[in-house]
Amino acid sequence: GTEYKLTMNEGAVARYSWLSEGGPVNYDTHGDGGGDFISYEKARGGRADEGELEAAFTGNHGWFFRNRNDSNISLVLRTGGDYGQLKKIL
């Protein structure tokens with residue numbers, strides 16, 4: 001799996017869209033930091049999503065993607081809005 005995290009302050013809003021090319025993925029949109037954790041959305045077999053992510057608290061907020069297919073996929077993630085840094089964690 002691969003995780004993407006945005007560093008965000010409480011109440012900040014980031015716009016996003018992602019697309020899985022080559023097959024569906026399981027994903028978990030969540031946040032963590034300062035002893036807090038929140039799960040915004042989880043799904044299996046997703047191919048795309050878009051919207052806004054509003055930080056429930058100051059910390060890291062983003063997505064964990066897992067490919068359960070027999071073939072490779074390409075993931076396209078686009079972000080914008082009020083966040084400090086985008087980190088990719090393998």
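We use all heavy atoms of the structure for the numbers below, so side chains are in, but hydrogens, waters and symmetry mates are not. None of the values given here were measured: they were computed from a predicted structure.
Side-chain contact between Arg68 and Asn26 is present, with at least one heavy-atom pair separated by less than 4.5 Å. Counting only heavy atoms from C-beta outward, the side chains of Trp18 and Tyr27 approach each other to under 4.5 Å. A heavy-atom distance below 4.5 Å is not found between the side chains of Glu52 and Tyr16. For the pair Pro24/Asn69, a side-chain contact is recorded, criterion being any heavy-atom separation below 4.5 Å from C-beta on.
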Output, in order, the C-alpha distance, side-chain angles, deciding distance and verdict of side-chain contact (heavy atoms from CB on, under 4.5 Å) for Ser39 and Asp28. CA-CA 7 Å; Ser39 180; Asp28 178 358; 3.6 Å; yes
Evaluate the criterion side-chain contact (heavy atoms from CB on, under 4.5 Å) for residue pair Leu6 and Trp63; output intermediate values, then yes/no. CA-CA 9 Å; Leu6 306 173; Trp63 307 265; 4.0 Å; yes
Would His30 and Glu3 count as a side-chain contact (heavy atoms from CB on, under 4.5 Å) if you check the C-alpha gap in whole Å, the side-chain angles of each, and the deciding distance to 0.1 Å? CA-CA 10 Å; His30 62 275; Glu3 188 164 22; 2.6 Å; yes
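Every residue meeting the salt bridge (charged side-chain N to carboxylate O under 4.0 Å, His left out) condition with Asp32, not counting sequence neighbours, appears here in chain and number order: Lys5. For Thr7, the side-chain contact (heavy atoms from CB on, under 4.5 Å) partners are Asn60, Gln85, Lys87, not counting sequence neighbours.
Rounding to the nearest 0.5 angstrom, the gap separating the CZ atom in Arg78 from the CD atom in Glu50 is 10.5 Å. Taken from OG1 in Thr2 to CD1 in Ile89, the straight-line distance is 10.0 Å, to the nearest 0.5 Å. To the nearest 0.5 Å, atoms CG (Leu53) and CD (Glu41) are separated by 10.5 Å. Here Asn9 contributes atom CG and Tyr83 contributes atom OH; the two are 14.0 Å apart, rounded to the nearest 0.5 Å.
Contact detail for Ser71 and Gly22: the closest heavy-atom pair is OG-O, 3.8 Å. For Asp82 against Ala12, the heavy-atom pair with the smallest separation is O-CB, 3.3 Å. Across all their heavy atoms, Ser20 and Val25 have their closest contact at OG-CG1, 3.6 Å.
The hydrophobic cluster containing Met8 also contains Leu77, counting ILVMFWY residues as joined when their side-chain heavy atoms lie under 4.5 angstrom apart, directly or transitively. Val13 and Phe57 fall into different hydrophobic clusters, where Ile, Leu, Val, Met, Phe, Trp and Tyr residues are linked whenever their side-chain heavy atoms come under 4.5 Å apart, directly or through other members. Using a 4.5 Å cut-off between side-chain heavy atoms of Ile, Leu, Val, Met, Phe, Trp and Tyr, with links allowed through other members, Phe65 and Ile73 fall into the same hydrophobic cluster.
Between the side chains of His61 and Tyr40, at least one donor-acceptor pair of N or O atoms lies under 3.5 Å.
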